[in-house]
Amino acid sequence: MQDKYSEEMSALLAGNLSGSMSRRDVLKRASALGLSASMISYLVRSNGTAAQDATPVPDPTAGRTIVVPQGLRTDLGGTRISAVLADPTDPNGPFLEAAIAKFGEATGITVEFIRGETSATDRLQSYRQQWAGQSGADVYQIDVIWPGVVAEHAVNLLPTLQDLASQHFEAIVANNTVDGALVGMPWFTDAGLLFYRTDLLEKYGLQPPTTWAELTMAAQTIQDGERGANPSFNGFVWQGNVYEGLTCNGLEWQVSNGGGFIVEADGTVSVNNPQAIAAFDRARGWVNTISPEGVTTFQEPDSFNIWIAGNAAFIRNWPYVWAASQAPESPIVGKVGVSPLPKGDGEGARNADTLGGWQLMVSKYSKNQEAGIEFVKYMCSPELETAFAVERSMLPTIASVYDAPEVAAASEFIPRLKDVFQGGAVARPSSVTGEQYPEISAIYYTELNQVLTGAKSGADAAAMMESQIKEALAGSDL
Ligand code: GLC
């Protein structure tokens with residue numbers, strides 16, 4: 001046994017240095033051999049192929065605050081499962097690698113970490129293809145808007161994880177429950193937020209904006225001032241591509257302007273109204289003024305890359321941006337403020353932050369469901385949610401974690417905006433539209449993108465949204 005271990009270790013060291021083994025292979029083999037995170041990090045840094053290989057270098061400090069929960073099963077040691085988590089651009093990658101390694105140490109279960117598609121829309125399509133073939137991974141992260149879509153492919157987690165489920169927010173557990181089955185355990189929640197550069201607001205004598213009109217003015221002032229020295233500078237970046245993220249942005253614009261929820265809780269299709277139309281037209285006005293023309297093709301990473309390079313005054317994005325902005329190498333560390341998104345004007349104007357978030361699901365087609373469930377139990381435990389909030393500013397789905405002093409110390413906005421995160425955020429109409437939600441959202445973001453590119457007026461798009469959504473819903477139970 002010992003001989004085999006040394007043999008494998010020598011092969012690993014030689015292959016790593018010579019470059020005959022890729023960084024990915026080194027990572028795999030080193031974790032299979034049970035090497036420590038710092039050893040693995042050292043190996044990967046000295047890898048012979050490092051220059052040509054794009055695998056991100058693991059951060060040896062990632063996962064440092066993880067406390068492994070008590071009571072994990074150890075009788076499934078030797079089982080291998082795979083989990084689709086995060087995406088290739090996700091700055092949380094090293095944390096997740098570390099979390100997986102610690103799970104392996106505690107349980108003997110090896111988890112292959114597969115990154116999913118960046119766009120939620122593409123990701124759902126790829127999951128559906130895998131499930132259509134009754135194949136794929138054992139565990140998947142699923143979007144808060146998908147329970148109705150994924151239910152038939154998911155293991156009911158209630159019989160085994162009821163105790164854990166009862167610690168999570170009731171509203172999310174209810175959202176994830178389809179016909180009495182818990183199809184996904186809440187993992188983290190999300191809310192659209194406004195991040196701003198405190199140094200630049202101060203430089204131009206501005207306050208954090210509370211209305212879209214103030215934001216437009218502040219973004220223009222800062223952009224005008226900064227462009228001379230930095231032609232790549234932008235006032236405001238967000239997500240305008242033809243995909244789910246645009247539905248999140250659009251819902252914020254219209255709800256904040258008193259423009260309703262696209263489809264109301266009683267099934268009424270309300271999107272074609274003057275306040276929603278005004279909100280769409282206002283967003284069109286940002287394109288090529290305070291926002292780059294390319295914003296109509298941006299997803300989260302595109303806007304984030306501009307922001308993290310120090311090239312934007314404001315960004316609309318999810319809470320992960322906070323921790324990612326505090327990375328030691330970030331040029332904007334210490335210069336970032338967070339607030340809810342601005343209000344519109346007119347009747348019913350309010351703050352509106354779209355509710356997002358991800359759950360972990362075990363596939364019905366998995367041959368290792370028990371190990372999958374154990375992994376979900378670990379990842380969604382209070383311990384892991386605390387570490388995820390502290391190190392990566394991911395919002396917990398367990399109320400008590402919001403009050404942990406180490407969370408407040410790392411991400412002051414988490415307890416400060418607790419009300420937004422615990423019920424105040426605006427849900428997309430996925431509960432009322434169920435499995436039809438992706439189709440309804442696709443109508444909405446496709447039309448809205450046309451407004452942003454100038455191909456259509458807000459009024460024409462809203463009329464099209466209304467008629468197409470009504471048509472799609474006709475024949476359903478609504
Ligand atoms: C975030 C949210 C998710 C949303 C997606 C859209 O990942 O958590 O709910 O669908 O963004 O891009």
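Values reported hereafter were calculated over all heavy atoms of this structure, with side chains retained and with hydrogens, waters and symmetry mates removed. Every number for a ligand or one of its atoms is a count from 1 in the order of the listing. Remember, predicted model here, so these are calculated numbers, not experimental data.
- If you check each of Trp358, Phe188, Tyr320, Trp146 against atom 7 (O) of ligand 1, the one with the closest non-hydrogen atom is Trp358.
- Here the heavy atom of the protein found nearest to atom 12 (O) of ligand 1 is Glu300 OE2, 2.6 Å.
- Looking only at protein heavy atoms, the nearest one to atom 8 (O) of ligand 1 is Asp190 OD2, 2.5 Å.
- Judged as a salt bridge (charged side-chain N to carboxylate O under 4.0 Å, His left out), and not counting sequence neighbours, the contacts of Glu391 are Arg64.
- Heavy-atom proximity to Gly245, at under 4.0 Å, picks out these atoms of ligand 1: 6 (C), 12 (O).
- Geometrically, Arg123 does not engage Tyr127 in a cation-pi contact defined by less than 6.0 Å to the ring centre and at most 45° from the axis.
- Closest to atom 4 (C) of ligand 1, if we only count protein heavy atoms, is Asp143 OD2, 3.5 Å.
- Checking only distances, Gly357 does come within under 3.5 Å of ligand 1, N or O to N or O.
- Using a 30° and 60° split on the angle between ring planes, Tyr444 and Phe280 fall in the perpendicular class, above 60°.
- Interface atoms of ligand 1 facing Gly356, defined by a heavy-atom separation under 4.0 Å, are 2 (C), 8 (O), 9 (O).
- At a heavy-atom cutoff of 4.0 Å, ligand 1 is contacted by the side chain of Arg428 but not by its backbone.
- Cation-pi geometry between Arg316 and Trp286 is not met: the NZ or CZ atom fails to fall both under 6.0 Å from the ring centre and inside 45° of the normal.
- Applying the ring-ring contact (aromatic ring centres under 6.0 Å, His included) rule to Phe103 yields the partners Phe375, Tyr378; only residues at least two apart in sequence or on another chain are considered.
- Centroid-to-centroid, the aromatic rings of Trp318 and Phe188 stay 6.0 Å apart or farther.
- Between Trp358 and Trp146, the ring planes are perpendicular. Angles over 60° get that label, and only those under 30° would be called parallel.
- Taking a cut-off of under 4.0 Å to the non-hydrogen atoms of Glu244, the atoms of ligand 1 that pass are 10 (O).
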